[in-house]
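In this text, all values refer to a predicted model and were calculated from it rather than measured experimentally. In what follows, every chain begins at residue 1, and chains take the letters A, B, ... in the order their sequences are listed.
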There are 2 protein chains.
Amino acid sequence: MTSHIHCQNCSMATLCLPYLLSPEQTEKLDTIIQRHRPLQKRDLLVNSGQKLSFLYAVRSGSLKSYTLDSQGGEQIIDFHLPGDVIGFDGLIDGQHRSYTQALETTMLCEIPIQSLDQLSAELPGLRKQLLRVMSGELHASKTLLGTLNHHSAQQRLANFLVTLSSRFKQRGLSSREFRLSMTRADIGNYLGLSVETVSRILTQLQQDGVVAVKSKLVEIRELERLRALTL
Amino acid sequence: MTSHIHCQNCSMATLCLPYLLSPEQTEKLDTIIQRHRPLQKRDLLVNSGQKLSFLYAVRSGSLKSYTLDSQGGEQIIDFHLPGDVIGFDGLIDGQHRSYTQALETTMLCEIPIQSLDQLSAELPGLRKQLLRVMSGELHASKTLLGTLNHHSAQQRLANFLVTLSSRFKQRGLSSREFRLSMTRADIGNYLGLSVETVSRILTQLQQDGVVAVKSKLVEIRELERLRALTL
DNA sequence: CGACGGATTGAGGGGATTCAAATGTAGTGG
DNA sequence: CCACTACATTTGAATCCCCTCAATCCGTCG
């Protein structure tokens, strides 16, 4: 008998919806949650315009969300790491508002919105956590707006690395050394920079000894100096 | 005896939290909502870091929200119009995450978060609308991100005007002619452009006959052409 | 009427883009 | 398993869009 994955023993529980819930309440939440089939690199999880019936929680791996502009070009608006919940921006009209694609092999949980709403009526902690998670996303999005609007390419990239580092730390992974599952083009797209600029600035940061980059592997050598570069 | 303002007869009800609620349910919501003292131009509604005890709904007037960067400069992240609800991005940790300042004389409602949560347990429609409103804000924020990252100054400004126009329309006001309550500097700050660029592009749009601008008054002469410029 | 903040207009410079080419890496099929 | 190919990354040179600096103009309010 295989040991199925449950919220009760999920390592991402503290970042995800179970946060604030007692063991008994978490068990209740678990009963409405399904596992989703694993995604391979480049697999699409959702299409823009698709009916929003589930929220998805990332268990492992990573994804990017993007919209298409009038010329069919990607506009990346988010990278999703384990513990993140996907789909909140579609609640307004019951449709997904973007495409979401796996950047590597990725495992997900599937949360039926209908059941989630019913359950949240009886669990104040779940209600609160739903609002907290959405609020956090909203805050992150607005903060990023400010960052992109008022900062240079170097500042944007430094900020990107610092933010990633702290997100990995939250997830119990190394904040000093991590793997970029997205391409340089993805990073540039997300930050409003060209691929070439991203590459140039990474090599420059490396020459300055602030980070060490080897292909997709990043090592942050001097976090404080990097942090200073975000300002 | 003055006729106090109630959700039941508020013209913004369809944009605000009462949407989806029956008259009886709206009355319940109304009981927990207080009017806030009117704000004058430049008055601060909330300070960044301040404890978040209330959400605020705009009844009339307008406001801007901004954070401060390391040099003390404003980073404008939002403009609020009647019907908008302010404060969602602070739910994650119970603190307001930005400064919010009136751009003109402004009337507000004050919604105690504690009571709102309790009420939302018994009103599924209110729960849904809360999520809808937050989701809408999240979506707007992410869309704006994409817009700013991948578009020229002219495209950004055209998009700003089209978006404002449609927001005024939603509120039962003219979508063809409206007043910009914020300064050119505010617009530039919000869009990541310098004041001079905003000014230059507005005059250029005027010369092209797409809009007519007279100080703070904007008339959109050819909405479709303006819309085409956003792409 | 004068003064001040806001808006416009012009000239010049710089940071990031674009175009172009070389190099490195990963994925595929023989 | 390796050769081949497609994609990703790096690097260089030239260009351009927008910013900065500076001066003037306009509207509003004391």
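- Between the P atom of C:dA7 and the CG atom of B:Leu157 lies a distance of 13 Å, rounded to the nearest Å.
- Between A:Leu202 atom CG and D:dT10 atom P there is a gap of 7 Å when expressed in whole angstrom units.
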Under 4.0 Å protein heavy-atom contacts per nucleotide of nucleotides 16-21 of chain C, with B for base, S for backbone only and - for none: SBBBB-
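- In this entry the distance linking CD of A:Gln40 with C1' of C:dG27 reads 14 Å, nearest Å.
- Between A:Lys216 and D:dT9 there is a side-chain N or O to OP1 or OP2 distance below 4.0 Å.
- Among the protein residues, A:Lys214 comes within range of no part of the nucleic acid, since none of its heavy atoms lies under 4.0 Å from any strand.
- In the displayed structure, A:Lys216 atom NZ is contacted under 6.0 Å by more than 12 heavy atoms of other residues, nucleotides or ligands.
- Salt-bridge annotation for A:Arg35 and A:Glu110: absent, with no side-chain N of the basic residue lying under 4.0 Å from a carboxylate O of the acidic one.
- Following rounding to the nearest Å, A:Leu191 (CG) and C:dG15 (P) show an atom-to-atom distance of 19 Å.
- Using modelled atom types, one side-chain atom of A:Asn189 and one backbone atom of A:Ile76 make a donor-acceptor pair closer than 3.5 Å.
- Within 6.0 Å of the CZ atom in A:Phe168, the count of heavy atoms belonging to other residues, nucleotides or ligands exceeds 12.
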Check against side chain to side chain contact (heavy atoms under 4.5 Å, CB included), B:Gln154 and B:Gln204: CA-CA 9 Å; B:Gln154 192 187 54; B:Gln204 187 203 315; 2.8 Å; yes
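- There is a side-chain donor-acceptor pair under 3.5 Å between A:His80 and A:Ser65.
- A:Tyr56 places none of its side-chain heavy atoms less than 4.5 Å from the side chain of A:Asp84.
- Within the nucleic acid shown, A:Thr203 comes within 4.0 Å of sugar-phosphate atoms alone, with no base atom in reach, counting heavy atoms only.
- Distance CZ (A:Arg156) to P (C:dG15): 14 Å, rounded to an integer number of Å.
- Within the 4.5 Å cutoff, no side-chain heavy atoms of B:Ile86 are placed close to those of B:Leu55.
- Per the geometry, CG belonging to A:Leu205 stands 16 Å off C1' belonging to D:dT9, to the nearest Å.
- The separation between A:Gln204 atom CD and D:dT10 atom P is 13 Å, rounded to whole Å.
- In this structure, the NE2 atom of A:His150 is 17 Å from the C1' atom of C:dG15, given to the nearest Å.
- When the C1' atoms of four end pairs are superposed on the next four at each end of the helix from C:dC1-D:dG30 to C:dG30-D:dC1, using five pairs per end, the two resulting axes differ in direction by 50°, to 10°.
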Stepwise side chain to side chain contact (heavy atoms under 4.5 Å, CB included) test for B:Ile187 and B:Leu157: CA-CA 9 Å; B:Ile187 297 173; B:Leu157 203 43; 3.8 Å; yes
